[in-house]
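Shown next, in structure tokens, is the structure this report addresses.
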Amino acid sequence: MKFDIVTIFPEMVKAPLTEGIVGRGIERGLVDVRVHDLRDFTTDRHKVVDDVPFGGGPGMVMKPEPLFRAVETIRADRGAPGAVVLTSPDGPPLTHAVAERLRDLKHVAVLCGRYEGVDERVRQHLATEEISIGDYVLSGGELAALVIVDAVARLVPGVVGDAESVSRDSFATGLLDFPQYTRPAEFEGMVVPPVLVSGHHGEIERWRRRAALARTLERRPELLETSALTAEDRRLLKELLEERERKGAAQ
Ligand code: ADE
């Protein structure tokens, strides 16, 4: 999986990529990330990457030429990326489905925008899509680019050591995760649910599925509308809803 990140703060982007699961994916050659300094694609002595907006107003706007030149260079040196993503709070949100789609493209360029503005011609004629990482405004797209690279890279086979842990992740299953515990079985009076130490794998699986459904129902009920539910899941959900009603009535 190839990524090319274009930014005015290359050091800010490079450091986190050396650590953790993505860092290991890079070391193993499964993920190849190049970070490009936007200023390297300017042609003036002062390496200017932004300018005042036409029509006036506060803030600066990122100039189109360096961004177009950066993508041209990436195309020439690394092949045409399957997507040119502009990070922007105006874009559709990053979801597991978006991350899977980008993973399948094998080569993604990410342009780190700035909210004061990016020349509209970049959005219309250079970026193939915009992606937001949430409904809040960051001071720049660098952290968003790292979030996108992390979410996509961990879906590349082999990057996460245990493939099962990726396919069981929240959102991959369409549900939130079930609660996890580790040793000790009792800590300062707080005990682990007995079923988890029972050794009954079938019962553990059922308990986990029910707990994942319960957590999703409580925190993100809208996910249940699009997740793939079995007949048994629907039965468990009915049970959970009845339980909730009983508790509500008792209060
Ligand atoms: N740039 C500024 N805010 C952003 C956000 N929420 N997502 C992606 N890029 C951004």
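Indexing begins at 1, ligand by ligand and atom by atom, following the structure's order.
- Taking CG from D77 and NE2 from H36, the interatomic distance works out to 8.0 Å, rounded to the nearest 0.5 Å.
- We find the CG-NZ distance between D119 and K63 to be 9.0 Å, quoted to the nearest 0.5 Å.
- The one candidate from R75, R78, R34 that meets the salt bridge (Lys or Arg N to Asp or Glu O under 4.0 Å) condition with D4 is R78.
- Of the heavy atoms in S139, none comes closer than 4.0 Å to ligand 1.
- In terms of polar-atom proximity, defined here as any N/O pair under 3.5 Å, I131 makes no such contact with ligand 1.
- With rounding to the nearest 0.5 Å, the separation of CD1 in I131 from CD1 in I148 is 4.5 Å.
- In this structure, G113 has no heavy atom closer than 4.0 Å to ligand 1.
- Remark: ligand 1 and V137 share no N or O pair separated by less than 3.5 Å (distance only, no angle test).
- The backbone N or O of L176 lies less than 3.5 Å from a partner atom in the side chain of T216, making a donor-acceptor pair.
- Residue contacts with ligand 1: A144 is placed with no nitrogen or oxygen under 3.5 Å of a nitrogen or oxygen of the ligand (distance criterion only).
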